[in-house]
A.B. asks: 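First the structure, which I've put down as structure tokens, then a few questions once you've had a look.
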Amino acid sequence: MRSFDPGYAHAPYAALVGEHPGPETYPPREFRVEWGPIFHRGRLDGTARVLVIGQDPATHEAITRRILVGTAGRRFQGFLHKLGIDTSYVLINTYLYSVYGQQAGNAHADDPDIARYRHRWLDTLVTHNRIEAVISLGGLANTAFDIWRNDSDSAPYDGAHAHILHPTYPDSASASGTDYQVAMRRLLKNWNSALTTLSGAVTPDVQRPLDLYGEAFTPSELAVIPEADLPAGLPSWMRSDETWAARKGAGAEEKRATIVVRIPEDERPF
Ligand code: URA
């Protein structure tokens, strides 16, 4: 029996998805609205205890239609595993559409129109689940959390909150000059401290001794995205640890318009 994510057919998510904002709220100069909104990953059946706020969908997510399935997702799935959270989580992003240029992400951090729809998701998720902890991945997600909590119209939430470095922090920090290993150590130290705090706040699905990170991810710390998180029928190599989607094209416009999907060699049955 294969498992899969049943999607958004039922209330309250059917209306939420049906009423999603488009280019009137997300300017196409700053967001890749042409690839469509990507809403969530994880449980929508009322069983989530950990609510995660990521940043924005990337290339792999544009194909799988669920968030945090690429490098960032696999790193963070390993964090959830260490917390003993194997199924009881739900993830949304700060932005429904992929940001086109990091500046756009910062420019819209406190955009009230974008926040209004994001608050509908956050309110719905804390109302329909017993959320024990919210985890913000990176600065933009943390700003999104703060804006939500400071809005007096928001649904009540009195569980824990952890703001941790974004899973791809080492990659972005090294692109702007920080040594990759130094940035990786910073990430894992930050995650260890959050794990220590959160393990006292979250009821695990599976009780495991707290196994903290070392100085770099080990292969087993990059968890596989569960089959149950993706729409029915997606091939298993879309959950593999290899890069299988990339933006390609001569010139900015072609690159923005093209994602090349390639089955990893060792995943081919031919
Ligand atoms: N993919 C997502 O969906 N969110 C992130 O924050 C990073 C990658």
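No experiment lies behind these values; they were computed from the predicted model shown. Read the numbers this way: they start at 1 and go in the same order the structure lists the ligands and their atoms.
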A.B. asks: Suppose I only count heavy atoms of G54 and a 4.0 Å limit; which atoms of ligand 1 are within that range?
C.D. replies: 6 (O)
A.B. asks: Mark the output for H166 as yes if a heavy-atom distance to ligand 1 is under 4.0 Å, and as no if none is.
C.D. replies: yes
A.B. asks: Salt-bridged, R256 to E34, with N to O below 4.0 Å?
C.D. replies: yes
A.B. asks: Heavy-atom count check: over 12 atoms from other residues, nucleotides or ligands less than 6.0 Å from R268 CZ?
C.D. replies: yes
A.B. asks: Over 60° means perpendicular and under 30° means parallel, so tell me whether H40 and W121 are parallel, tilted or perpendicular.
C.D. replies: parallel
A.B. asks: How about H108 and Y95: are their ring centres within less than 6.0 Å of each other?
C.D. replies: no
A.B. asks: Quick one: look up the protein heavy atom nearest atom 1 (N) of ligand 1 and list residue, atom name and how far away it is.
C.D. replies: E61 OE2, 3.1 Å
A.B. asks: So if I count the atoms of ligand 1 from 1 in the order they appear, which ones are less than 4.0 Å from some heavy atom of I67?
C.D. replies: 3 (O)
A.B. asks: Non-hydrogen atoms of P57 versus ligand 1: any pair closer than 4.0 Å?
C.D. replies: yes
A.B. asks: To which protein heavy atom is atom 5 (C) of ligand 1 closest, and what is the distance rounded to 0.1 Å?
C.D. replies: D56 O, 3.3 Å
A.B. asks: Pull out every atom of ligand 1 sitting under 4.0 Å from any heavy atom of N93, numbered as shown with elements.
C.D. replies: 2 (C), 3 (O), 4 (N), 5 (C), 6 (O)
A.B. asks: Between Y89 and R49, is there a cation-pi geometry (under 6.0 Å to ring centre, at most 45° from the normal)?
C.D. replies: no
A.B. asks: Ion pair present between D229 and R239, side-chain N to carboxylate O less than 4.0 angstrom?
C.D. replies: no
A.B. asks: Return yes when L68 approaches ligand 1 closer than 4.0 angstrom through a heavy atom, no otherwise.
C.D. replies: yes
